[in-house]
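These notes concern the structure reproduced below.
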Amino acid sequence: MARQSISFTQPNDEWLKKQVDNQEYSSKSELVNDLIRQARSQQVQIDWIKSKLDKAENSGFTSDTKSEILKQSKAILNG
């Protein structure tokens, strides 16, 4: 595993410490890795939405119904 040295603002460091003290995570590293995983997952969702918006803008209209779009969105969100 790659080792990094990063600095946090005081409020962020205190928040990280609270999460570890509350036994939500075993270490700050575990918490930061989890936050990064969440951000990466959100980016996949954002990219999917952006591609749908780009496609819709380029085509003028989508043939998908609201329920089809909702179903696709939920499938992406639930992995």
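Note that this is a predicted model, so its numbers are computed, not measured. Heavy atoms only: backbone and side chains are in, while hydrogens, waters and symmetry mates are out.
Looking at Gln19 and Lys28, their side chains never come closer than 4.5 Å, going by heavy atoms from C-beta outward. Residues Gln72 and Lys52 form a side-chain contact, since some pair of their non-hydrogen atoms from C-beta on lies under 4.5 Å apart.
Residues passing the side chain to side chain contact (heavy atoms under 4.5 Å, CB included) test with Ser67, sequence neighbours excluded: Thr65. Scored by the side chain to side chain contact (heavy atoms under 4.5 Å, CB included) test, Val32 finds Phe8, Leu16, Ile36 as partners (sequence neighbours excluded). Partners of Gln43 according to the side chain to side chain contact (heavy atoms under 4.5 Å, CB included) rule, which considers only residues two or more places apart in sequence or in another chain, are Ile46, Asp47. Partners of Ser26 under the side-chain hydrogen bond (donor to acceptor under 3.5 Å, both in side chains) rule, at least two apart in sequence or in another chain, are Glu30. With sequence neighbours excluded, the residues that form a side chain to side chain contact (heavy atoms under 4.5 Å, CB included) with Ile69 are Thr62, Asp64, Ser73.
In terms of modelled atom types and a separation under 3.5 Å, the side chain of Asp13 and the main chain of Thr9 share no donor-acceptor contact.
A side-chain donor from one of Glu14 and Gln10 sits under 3.5 Å from a side-chain acceptor of the other.
Heavy-atom contacts from other residues, nucleotides or ligands closer than 6.0 Å to CD of Gln23 number 12 or fewer.
Atom CD of Gln42 is separated from atom CD of Gln45 by 6.5 Å, given to the nearest 0.5 angstrom. Taken from NZ in Lys66 to CD in Glu68, the straight-line distance is 13.0 Å, to the nearest 0.5 Å.
Hydrophobic side-chain contacts under 4.5 Å tie Ile76 into a cluster, directly or through other members, with Trp48, Ile49, Leu53.
By the rule that hydrophobic residues join a cluster once side-chain heavy atoms approach within less than 4.5 Å of another member, Trp15 and Ile6 end up as members of one cluster.
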